[in-house]
Amino acid sequence: MQFTDSHCHLDDIAFSEQLPILLAQCHQLAINRIIIPSIAPNNFNQVLSLAKRHHNNPIKVYPCLGIHPWFLKGLDDSHLKQLSEIVNKSRNDIVAIGEIGLDGTIAKNAETHGQTSADNWHHQQHFFDFQLNLAKEQNLPVIVHHRQSHDKIMPFLKRYKLNRAGIIHGFTGSYQQAKGYIDLGFRLGVGSTITYSRAKKTINTIKRLPLGSLVLETDAPSMPLSKEVTGKEILTTNLNKEPAKNRMTLHSLANSPINLIKIFEVLATIHPEKPDKIAHQLERNIEQVFFT
Ligand SMILES: [Zn+2]
């Protein structure tokens, strides 16, 4: 079995010191591809250079470029122009536009930052619209962040009808919402949410969906898994040979790409097919989203 983490912020400072150990561990666990979305103009180059540095590794690291709705404060059209330019320049290196999207809780809380909720939605939608258009122009898939925003995202995706669609990252929601995205050609990112037994709605949705519509992701270093599954140790041999200091740091991370295996194991308990069949199909889905 081979695995791909379709969403990991590997350029995050939380990983910088232990990156070689972490990638060696991923390799041991057959996590051989990691897709890294960018989040704001100040990490575009970081994400691109990280991917370049690991170009010859057994583990391939693939960058994406985009502006996340959480980081729009102080950004304007000049940043969108900057994004277009770097996408043009790096078109052959990147595998998607992301992460982009709309976030309802950010809009709701805008007032505490001196902006009306309506102005915040407008700002978010302007950036989302521009980036969907960029994906269309460049024939790239998108990685979409959502939170309390399915009803706002869907009309945009219907309007753009992106040829290569993309991934609804960290999907949580109902079967109907999932179906809406799948009908537009999107895959749903299955992450730590399914490791929480209280997330019944999302678990039941994922259970009913065809394997062809799912991909795995950790969103590390954020989105920690439930203690219900992290209780069991999966860190293996190599790490134990490293100095204790490194061990401590890795353990204290909220989430790491090696947890992809835990998420896969949980998915294998809620889907009736055999684990190797599930893994095989998930890798095919990754191929279809990013590499065709
Ligand atoms: Zn993310």
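Just so we're clear, the structure is a prediction, and the values are computed from it rather than from any experiment. Order of listing sets the numbers, starting from 1, for every ligand and every atom in it. In what follows, every heavy atom counts, from backbone to side chain, and hydrogens, waters and symmetry copies are set aside.
The atom of Asp219 that is an N, O or S and sits closest to the Zn ion (ligand 1) is OD1. The nearest N/O/S atom of Glu99 to the Zn ion (ligand 1) is OE1.
For the pairing with Phe156, the ring pair (Phe, Tyr, Trp, His ring centres under 6.0 Å) check across Phe128, Phe127, Tyr181 returns one residue only, Phe128.
No salt bridge links Glu228 with Arg198; every basic N to acidic carboxylate O contact stays at or beyond 4.0 Å. Salt bridge annotation for Lys81-Asp77: absent, with no cationic side-chain nitrogen under 4.0 angstrom from a carboxylate oxygen.
One distance of note links CG of Asn139 with CZ of Arg91; it measures 6.5 Å at 0.5 Å rounding.
Checking His7 against the Zn ion (ligand 1), an N/O/S atom falls under the 2.8 Å cut-off. Under 2.8 Å from the Zn ion (ligand 1) lies no N/O/S atom of His145, from backbone or side chain alike.
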